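Have a look at the structure below, then the notes.
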Amino acid sequence: MPVSAKTATKLREAMARLLAGEPLHTNGALTKENLAREAQVSHATVHRAEDVLTEWDARVARPALRTPGEVARDETIAELRKQLREARAEITHLNGKLDALATVTANLYHENLALKKRDSDRRLAPLPSSE
């Protein structure tokens, strides 16, 4: 289902503004989503305007570039994800140590109880004092 002439005109005007670097409603990145926003139409409408999309693809031969803000945001996200992976690995390592220490503590506790029971059954002589 093609778009109306009025919508096609809005899309072409929006395309001209984006290509000229003078956007009114977007950050200026040359993407189809920004084309829709700049023309103030839905993303689906842009994809129904096949002739306008053909013009867009011909005039925007390079891949969509990210703005410096988007690049900084993506780098920050990547760094935070790396830190999260490292923190999770450290937590896993420390949980393993904690489990091992809990096991050792439980074993020592039971050995201590067994020794106390064994020693309570026999009489111990006091050690001679060195006085």
Side-chain angles (χ1 to χ4, degrees):
M1 171 175 182
V3 296
S4 68
K6 181 179 175 183
T7 301
T9 302
K10 285 174 68 174
L11 286 166
R12 285 190 176 90
E13 289 171 356
M15 183 186 332
R17 286 193 304 271
L18 285 172
L19 292 171
E22 300 170 353
L24 299 176
H25 307 287
T26 66
N27 61 6
L30 298 177
T31 64
K32 291 176 184 174
E33 183 154 339
N34 274 353
L35 177 61
R37 286 184 184 150
E38 189 66 28
Q40 296 182 322
V41 298
S42 74
H43 194 70
T45 300
V46 170
H47 287 282
R48 283 195 307 270
E50 294 175 6
D51 54 337
V52 175
L53 278 182
T54 303
E55 289 176 39
W56 176 263
D57 290 337
R59 295 178 76 181
V60 182
R62 60 191 164 98
L65 299 177
R66 297 180 296 167
T67 64
E70 291 172 326
V71 170
R73 178 204 63 207
D74 292 346
E75 288 172 355
T76 301
I77 289 171
E79 180 61 29
L80 290 172
R81 284 183 176 155
K82 178 184 171 199
Q83 290 174 5
L84 183 60
R85 276 192 307 276
E86 291 170 355
R88 285 180 175 162
E90 180 69 12
I91 288 169
T92 300
H93 175 72
L94 291 174
N95 277 335
K97 280 187 171 184
L98 184 62
D99 289 345
L101 288 172
T103 302
V104 168
T105 302
N107 285 337
L108 288 173
Y109 174 77
H110 289 291
E111 284 178 18
N112 192 20
L113 287 179
L115 287 172
K116 282 183 181 180
K117 184 175 189 232
R118 186 190 75 191
D119 290 343
S120 69
D121 292 343
R122 37 176 162 140
R123 296 192 174 244
L124 297 177
L127 292 174
S129 64
S130 59
E131 294 176 356

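The first residue of the sequence shown is numbered 1, and numbering continues consecutively from there. This one's a predicted model, so the numbers in the text were calculated from it and none came from an experiment.
Between P23 and G28, the closest heavy-atom pair is CG-CA, 3.7 Å. Shortest non-hydrogen contact noted between S42 and A36 is O-CB, 3.9 Å. When all heavy atoms of A49 and V3 are compared, the pair lying nearest together is CB-CG2, 3.6 Å. Nearest heavy-atom pair across A39 and A14 is N-CB, 3.5 Å. Across every non-hydrogen atom of W56 and L35, the tightest pair is CE3-CD2, 3.9 Å.
Note that the CE atom of M15 and the CD atom of E55 stand 5.0 Å from one another [nearest 0.5 Å]. Atom CG of L115 sits about 7.0 Å away from atom CD of E111, to the nearest 0.5 Å. In this structure, the separation between CG on L98 and CD1 on I91 is 12.0 Å, given to the nearest 0.5 Å. Separation of atoms CG (L108) and OG1 (T103) is listed at 11.0 Å; rounding is to 0.5 Å. Atoms NE2 and CG, from H43 and N34 in turn, are 10.5 Å apart once rounded to the nearest 0.5 Å. The structure places CG of L84 at 11.5 Å from CD of E79, a figure rounded to the nearest 0.5 Å.
One side chain, R48 or T45, offers a donor N or O that lies under 3.5 Å from an acceptor on the other.
Atom CD of E70 has more than 12 heavy atoms from other residues, nucleotides or ligands within 6.0 Å.
Considering R12, R17, K10 as possible partners of E38, the one that fulfils the salt bridge (charged side-chain N to carboxylate O under 4.0 Å, His left out) test is R17.
Side-chain contact between R37 and V46 is absent, with no heavy-atom pair separated by less than 4.5 Å.
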Given salt bridge (Lys or Arg N to Asp or Glu O under 4.0 Å), test D57 with K32 step by step and report yes or no.
CA-CA 9 Å; D57 290 337; K32 291 176 184 174; 3.6 Å; yes

Audit row: L53, L11, side chain to side chain contact (heavy atoms under 4.5 Å, CB included) steps and yes/no:
CA-CA 9 Å; L53 278 182; L11 286 166; over 6 Å; no

